[in-house]
Every structure is written in C-alpha cells, then in structure tokens.
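Data first, discussion second: the structure below is written as structure tokens.
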Amino acid sequence: MKYHQIDRDLFIKNRSKFMAQMKPKSVAVFNSNDIYPIGADSTMPFEQSRDIFYLSGVDQEESILLLFPDAPYEHQKEILFLKETNDHIAVWEGEKLTKERALAVTGIKTVHWLQDFEKVLFEMMTHAETIYINTNEHYRAAVETETREARFVKWWKEKYPAHTVAKSNPILQRIRSIKESEELDLIQQACTITEKGFRRVLSFVKPNVMEYEIEAEFIYEFTRNRSKGFAYTPIIGSGNNANVLHYIENNQQCKSGDLILIDAGAEYANYSSDMTRTIPVSGKYNDRQKAVYNAVLRVKNEATKMLVPGTLWKQYHIEVGKLMTSELLGLGLLDKADVKNENPEWPAYKKYFMHGTSHHMGLDTHDYGILTEPMQANMVFTVEPGIYIPAEGFGIRLEDDVVIQGSGEPFNLMRNIPIEVDEIEELMHA
C-alpha cells in the first residue's frame, strides 16, 4: 500500500464498538471483496470491502474476519483468516500478510489460514445462536454482481439453517458514521492531497486545454502524495458539460470564456475526500458568472452553519432550499409567481438546483449514515449547492467537506482550498 500504516488502535476500537452491539451468543463474519475480471488474464485493481477494512485494517483479497464476543475462550473472540502466503506468491504478486504482520496491522492475535475457515466456523457455530451477515443496505446501493459476501451468505444459509440471522449493516451504519480522531486525520490527509492537486490545476488551466489533461494533472499530484488516485470518478465539465450532473467523459476542449466545473477528490488509505470548484478557463469570471458563483458560495456558507448536532437531514434540505430560492430570485432566474405556484414536491428552485446539498462522507464517498436520525458530533458531511443554467452555457457547484462539532460551527476540512473569486483569479494569473 502507498499509505503509511494506520495505528491498529483504530481497528481495535472499531471492533469493540461493533461487538458491544451484538446480540448474546452471536457470531459476525466479514469478507474481503473479490478481484473482478476484465477479460483474458486482466483484472480490475483490487478495492477492499470498506466494512472489513474498517474493522481490521486488512487491505488484501481472500480475507475473512470473524467476531464472537461470547466465545468460550479469549482467543476465539476475534479471528482473522488470510490467504496463506509463500515464496511463489511473494515473487509473482508481492508479499502478502503473514500471521505476525497481521497482528501488527490489526491487533488480532488469532490468525488462521483461509483453508481452516470452515472447520473453525463450525466449532464457533456449535456455541452460537445467531450469525450476523453483512449486506449492503446503503440508500444509494445498486449492486448488480454477486459479491464474495453474497456467496458466503448463500453458503451459510444452507450449512446452518437452524441459526438465527441478524444484520450487521444497521450497526455499521451508525458506528461508521461517527468518526474517530484517527479517521478524521486520514480524511484530512485526503483533503490536503486534493488541495495540492487543485492548486496545480489552477496554474495549469488555460484556453484550449482538454478536460482530460486537467484530470491528468490531478492524478499526477495525487499519486506523488501516496494516494491510489481519485476517490470517485472525476467530473471535469467545461461549458455546458457542467450541467450534466454525472458527466465523466472529460474529453472536450475548454474554451476561452467558459467555466470548468471540477468535482474531484483524492483518496488516502481508503478514506475519501470530495471537492467541487468551478473555475474560469481564461482565469477571470465575467460579471454574470461572478454573480451566480457568489450566490452559490453564500448558500454553501449558510448551509454549512446548519450542520450541527440534532439537525435532521430532511429538514436541513428544506431550509437550504429556502436559501437557494432567495438567491435565484435575486439572480432573476425565478420570479415571485414561480415560487407562489410551485409544486411542494418539486419546489421551483429545483429547476436550477436539482440534487441534494449534503451527504455523509468517510471510507465511502457517499458514506454510511442513517438519514432519518439526528446529526451527531464527528460526523463528516459534504456541503455542495449548485446552480445549473443550460440556457446560459454554464453551471456552478461548490463543495467542501466538514466535520460536525460538539458545539459551534462545523470544522471545514477544505478550509485551505481556494474558493473565493479573487483568490482563484489571482492564483490563475500568478
């Protein structure tokens, strides 16, 4: 891995939080992701399942974590299963975790090779009444392939039909949404790498540059700072491309006078950052672009102040909608009749700002978190309002990542990334 080793105390704390919420006499099992094939002997780069990483720090394929807090013996309460490494694997694939190295990374003392999993699980199941299975129940999940976790669930149900089934996801949704200090440091590192990439881009952009060239500048800066790359597929949308919310082709030329909407964030140690800035191709905003830009910035700044403990996500978005409506009236994009006659299910402002303002962020860019429950300290949210005007050939979105504090305004993890019009123009002309 490119990133520096994470202190295993983080994973020890995470497992402790999970096990504290398990039912008596229950076992929980977590699997690594598969390495997915492309064709012939080609595969996609490995991406670890965020849940087993969160609980163990293991960042390699063919690994299984078993938790059994009520096990009859201490050494059975946390068990890690790894693909057995050997000299051949070390030569062809690189060194995998040894049992000794696994202890240093995870803090788990009992480590078996993967071939012993079924035998050990059978022994644990003779003492257990319930098993926690791990399914993806994120509100945006759209899984179209059978995962390693899903195959395990099918196998387990056939092997142990008499045991009660429980779900690990509700526990993970809650504990993963509230970050430990070590996690906040890792997200901050991802944001700092993103800042370096953005500053590089500000000095690079000029008329006629290609969108993919801007993408390349980011990936260069990210990689040289120990990141695997983008935390998500980047959006580099110039001109009207900015009005396609999930534009990812990044294959057009950036023309003089246009704006470029850049939605790009680095990952670090599997933790995400999520930044959006909108910059002028020629290094200077015209008066109309500046007016819309500052309207979005005002909404972002006011929306950020609302992210405090006790805030309900649904009500928060209603209040942000009121802020945006006021700004759109000021810009002449809406009039009072539009607002008076609006459909409450799709308010007038949605014509120009059709997506949500904030989402949880962490190990996943759209991270775990239960949206019907009040916000709590140490949750991390994006703040990302936008105004999209296809008729005028541009769209503007601004996005920062913030940590909810116990009291006072949220802490902005992207506080050092340029966002004010004057600062961006100055840096682009430096």
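The structure presented is a predicted model; accordingly, all values stated were derived computationally and were not measured.
Taking the six-membered ring where tryptophan is involved, the planes of Tyr349 and Phe353 are tilted, since the angle between them lies from 30° to 60°. Between Phe117 and Trp155, the ring-plane angle classifies as tilted under the 30° and 60° cut-offs. Ring-plane geometry between Tyr268 and Tyr3 is classed as perpendicular, the angle between the planes exceeding 60 degrees on a 0 to 90 degree scale with a lower cut at 30.
Donor-acceptor pairing under 3.5 Å is lacking for the side chains of Gln48 and Asp59. In this structure, a donor-acceptor pair under 3.5 Å is present between the side chains of Glu319 and Gln315. Looking only at atom types and distance, the side chain of Asn134 has a donor-acceptor partner in the side chain of Ser168 under 3.5 Å away. In the model, Ser238 has no side-chain atom that pairs as donor or acceptor with a side-chain atom of Gln252 under 3.5 Å. Looking at Asn416 and Glu195, their side chains never bring a donor and an acceptor atom within 3.5 Å of each other. A donor-acceptor contact closer than 3.5 angstrom links the side chains of His359 and Glu384.
Between Glu221 and Lys196 no salt bridge is recorded (no basic side-chain N to carboxylate O distance below 4.0 Å). The pair Asp51-Arg176 counts as a salt bridge, with a side-chain nitrogen and a carboxylate oxygen less than 4.0 angstrom apart. A salt bridge does not link Arg8 to Glu182: none of the charged nitrogens lies less than 4.0 Å from a carboxylate oxygen. With respect to the salt-bridge test (charged N to carboxylate O, under 4.0 angstrom), the residues Glu158 and Lys154 do not qualify. Here Arg151 pairs with Asp34 in a salt bridge; the nearest charged N to carboxylate O distance falls below 4.0 Å. Checked for salt-bridge contact, Lys340 and Asp335 miss the test: no charged N lies under 4.0 Å from a carboxylate O. Here Glu47 pairs with Lys228 in a salt bridge; the nearest charged N to carboxylate O distance falls below 4.0 Å.
Taking CD1 of Ile12 as the reference point, atom CG of Leu55 lies at 12.5 Å (rounded to 0.5 Å). Note: Trp313 CH2 to Met375 CE = 8.5 Å, rounded to the nearest 0.5 Å. Rounded to the nearest 0.5 angstrom, Asp364 CG and Arg140 CZ are separated by 11.5 Å. Note: Cys191 SG to Leu186 CG = 11.0 Å, rounded to the nearest 0.5 Å. Distance check: Leu202 CG to Glu217 CD gives 11.5 Å after rounding to the nearest 0.5 Å.
Between Ser32 and Glu62 the shortest heavy-atom distance is CB-N, 3.8 Å. The shortest non-hydrogen separation linking Ile187 to Ser272 is CG2-O, 3.6 Å. Thr106 and Ser56 get closest at one heavy-atom pair: CG2-O, 2.9 Å. Closest heavy-atom contact between His163 and Thr130: CD2-N, 4.3 Å. Val27 and Met124 make their closest contact through CG2-CB, 4.4 Å (heavy atoms, listed as atom of the first residue, atom of the second, distance).
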Step by step, would you call Asp185 with Gln189 a side chain to side chain donor-acceptor pair (under 3.5 Å)?
-> CA-CA 6 Å; Asp185 289 343; Gln189 179 65 11; over 6 Å; no

Can Ile175 and Tyr54 be said to form a side-chain contact (heavy atoms from CB on, under 4.5 Å), step by step?
-> CA-CA 10 Å; Ile175 65 174; Tyr54 174 82; 3.7 Å; yes

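Enclosure of atom OH in Tyr212 is not indicated, since only 12 or fewer non-hydrogen atoms of other residues, nucleotides or ligands lie within 6.0 angstrom. Enclosure of atom NZ in Lys17 by more than 12 non-hydrogen atoms of other residues, nucleotides or ligands within 6.0 angstrom is indicated.
Between Tyr160 and Ile131, every side-chain heavy-atom pair lies at or beyond the 4.5 Å cut-off. Taking the side chain as every heavy atom from C-beta outward, Arg15 and Ile108 approach each other to under 4.5 Å. Side-chain contact check for Glu420 versus Leu297: some heavy-atom pair is nearer than 4.5 Å. For the pair Asp338 and Leu328, the minimum side-chain heavy-atom distance is 4.5 Å or more.
Each of Phe53, Phe18, Phe30 was scored for a ring pair (Phe, Tyr, Trp, His ring centres under 6.0 Å) with Phe11, with one residue passing: Phe53. Shown are Ile417, Ile262, Asp263, Val296; of these, the side-chain contact (heavy atoms from CB on, under 4.5 Å) with Glu399 is made only by Asp263.
In this structure, the ring of His355 has its center less than 6.0 angstrom from the ring center of Tyr388.
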